[in-house]
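These values consider heavy atoms only, across backbone and side chains, with no hydrogens, waters or symmetry-generated copies. Chain letters run A, B, ... following the sequence lines, proteins first and then strands; every chain starts at 1.
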2 protein chains.
Amino acid sequence: MVFSKTFGYALRGVLYVALTNEVKPRVQLEEIAIQLSVPRHFLGKVMKKLVKEGVLISIKGPYGGFSVNETTLQIPLLRLIEITGEPEEFGSCVLRLRKCNAQNPCPMHRQIETLRRQWQSLLASTKIGDLLRKDQPDFIKSIATL
Amino acid sequence: MVFSKTFGYALRGVLYVALTNEVKPRVQLEEIAIQLSVPRHFLGKVMKKLVKEGVLISIKGPYGGFSVNETTLQIPLLRLIEITGEPEEFGSCVLRLRKCNAQNPCPMHRQIETLRRQWQSLLASTKIGDLLRKDQPDFIKSIATL
DNA sequence: AGAATAAAAGACATCAAGGTCTTTAATGAG
DNA sequence: CTCATTAAAGACCTTGATGTCTTTTATTCT
């Protein structure tokens, strides 16, 4: 019921980049890792994936770093979940019963499906930008260090 | 959004014991493991835990095996989840944002809390016995082999 | 008591997620 | 062109969930 660490790093990383992009064109991995208290090299892997998937832009070399693109803030959280690699086993029984499906539902099946659909729709309709409270002065604290 | 394999083994194991207890007083690990297509020794560990936690009764030696007790079918799924060791991090942000709580909620906070509470209450109110469809002739297939 | 049976217990093996360290490639400044 | 800088890539380590194998303990039957 809680997403992976990798997902958390990705989300917070993107939010940090978006936030600092208001002030400067690029942020470096070093700064992000320190500010978010996240293992630097591991974060590097996550960011690389985000770039490859078109969520962020990166530039190598001096004055390089990460920045957002036009679509970054419109990307739904569900996409981030896919990218950070939860197989999202929709369709398989939460309780790991075999042969539990719409044709042969277990007694909880309907209720579980309803809850799942609500999750899915919440995650699909919420976009990264929806979590970015630029107005809120200490928003950075929500994503930064303890 | 899907529980651990260990949880699945525990649930299916208990259901299998409850089901066969209608016919014979005890079932052996061997039979359960084969019928459920589950690794025998690993299942042994899970069953041992269930016995220690009072979910099942076990007897060693010839004609020994596992059986249910008076309360087994009244145990809520939430208890099985605790026993099979999900820390159930209620209270921590699903999105892994820091400092996201009722005082300083992220924009999704309320919706997520609502969904979580629904899950919690479903898992607390559904009892093991609720999943046991003795009336349904091929119920065994739901928990047994593929 | 002794043999057979079955769970309990404990020592390892495997695998994926998460994390660290080093090397390579790209880019801008002088 | 060369150098410093920074992301990308790859090799390896750690840890927890899962799985296997062997030994011990309790029980029943003869």
Side-chain angles (χ1 to χ4, degrees), chain A residues 2-14 16-17 20 24-34 36-69 81 83-87 89 96, chain B residues 2-14 16-17 20 24-34 36-69 81-89 96:
Chain A
V2 172
F3 298 116
S4 68
K5 286 192 179 185
T6 302
F7 168 85
Y9 294 162
L11 176 60
R12 292 164 64 213
V14 174
Y16 189 87
V17 171
T20 53
K24 52 184 177 182
R26 277 180 284 283
V27 208
Q28 285 141 30
L29 187 59
E30 182 78 13
E31 174 179 337
I32 308 172
I34 290 175
L36 303 189
S37 301
V38 153
R40 182 201 159 120
H41 295 287
F42 189 75
L43 181 62
K45 288 182 184 175
V46 178
M47 301 295 279
K48 175 184 64 176
K49 193 84 186 294
L50 292 173
V51 168
K52 199 175 292 179
E53 298 288 343
V55 175
L56 290 175
I57 291 170
S58 73
I59 299 200
K60 289 183 182 181
Y63 304 92
F66 296 89
S67 56
V68 298
N69 63 37
I81 290 174
I83 292 173
T84 56
E86 333 257 322
E89 314 95 334
R96 293 181 177 269
Chain B
V2 172
F3 298 116
S4 67
K5 286 192 179 185
T6 301
F7 168 85
Y9 295 162
L11 176 60
R12 292 164 63 214
V14 174
Y16 188 85
V17 172
T20 54
K24 52 184 176 181
R26 279 180 284 282
V27 207
Q28 284 142 32
L29 187 59
E30 183 78 13
E31 174 180 336
I32 307 172
I34 290 175
L36 304 189
S37 301
V38 152
R40 183 203 157 121
H41 296 286
F42 189 75
L43 180 63
K45 290 181 181 174
V46 177
M47 300 296 276
K48 173 183 65 178
K49 194 83 186 296
L50 293 173
V51 169
K52 199 174 294 180
E53 299 287 342
V55 175
L56 289 176
I57 291 170
S58 72
I59 299 200
K60 290 183 180 180
Y63 304 92
F66 297 89
S67 56
V68 298
N69 62 37
I81 290 174
E82 289 165 17
I83 291 174
T84 56
E86 334 258 320
E88 262 318 286
E89 315 95 335
R96 294 184 176 265

Calculate the interatomic distance between [X] atom [atom1] and [N] atom [atom2]; express it in whole Å.
| X | N | atom1 | atom2 | answer |
| --- | --- | --- | --- | --- |
| B:L43 | C:dA7 | CG | P | 10 Å |
| B:F66 | D:dT27 | CZ | P | 14 Å |
| B:K24 | C:dA6 | NZ | P | 11 Å |
| A:K60 | C:dA26 | NZ | C1' | 5 Å |
| B:F7 | D:dG16 | CZ | P | 23 Å |
| A:L36 | C:dG19 | CG | P | 13 Å |
| B:Q28 | C:dA7 | CD | P | 5 Å |
| A:L29 | C:dA25 | CG | P | 19 Å |

If you compare every side-chain N and O of [X] against the phosphate oxygens of [N] (OP1, OP2), does one of them come in below 4.0 Å?
| X | N | answer |
| --- | --- | --- |
| A:Y63 | D:dA4 | no |
| B:K49 | C:dA8 | no |
| A:S58 | D:dT6 | no |
| B:Y9 | D:dG19 | yes |
| A:T6 | C:dG18 | yes |

Can you figure out which of [options] approaches the side chain of [X] most closely?
| X | options | answer |
| --- | --- | --- |
| B:P39 | C:dG19, C:dG18, D:dT20 | D:dT20 |
| A:P62 | C:dA8, C:dG28, D:dT20 | C:dG28 |
| B:K5 | D:dG19, D:dA8, C:dA9 | D:dG19 |
| A:I59 | C:dT27, D:dT18, C:dA9 | C:dT27 |

Next item on the list: Establish whether the base of C:dT20 is bridged to the side chain of A:K45 by a donor-acceptor pair shorter than 3.5 Å.
Entry: yes

Check: How about A:F42 and A:T6: do any of their side-chain heavy atoms sit closer than 4.5 Å?
Finding: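 The answer is yes, as the side chains (C-beta and beyond) meet within the 4.5 Å cut-off.
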
Next item on the list: Apply the test side chain to side chain contact (heavy atoms under 4.5 Å, CB included) to residues A:R96 and B:L11: give CA-CA distance (whole Å), side-chain angles for both, the deciding distance (0.1 Å), then the verdict.
Entry: CA-CA 9 Å; A:R96 293 181 177 269; B:L11 176 60; over 6 Å; no

Write down the atom of [X], the atom of [Y], and the distance for their closest heavy-atom approach.
| X | Y | value |
| --- | --- | --- |
| A:A10 | A:T84 | CB-CG2, 3.7 Å |
| B:S67 | B:V17 | CA-CG1, 3.6 Å |
| A:R26 | A:Y63 | NE-O, 2.8 Å |

Notebook entry, point to check: Roughly how far, to the nearest 0.5 Å, is the CD1 atom of A:I57 from the CG atom of A:N69?
Noted result: 5.0 Å

Check: Base, sugar-phosphate alone, or nothing: which one does B:G44 contact when heavy atoms must sit under 4.0 Å apart?
Finding: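 The residue B:G44 makes no contact with any strand.
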
Checklist line | Position toward the 5' end of DNA chain C (nearest nucleotide), B:G61 or B:K52 | finding: B:G61

Next item on the list: Please figure out whether A:V27 or B:V38 has its closest DNA chain D nucleotide nearer the 5' end.
Entry: A:V27

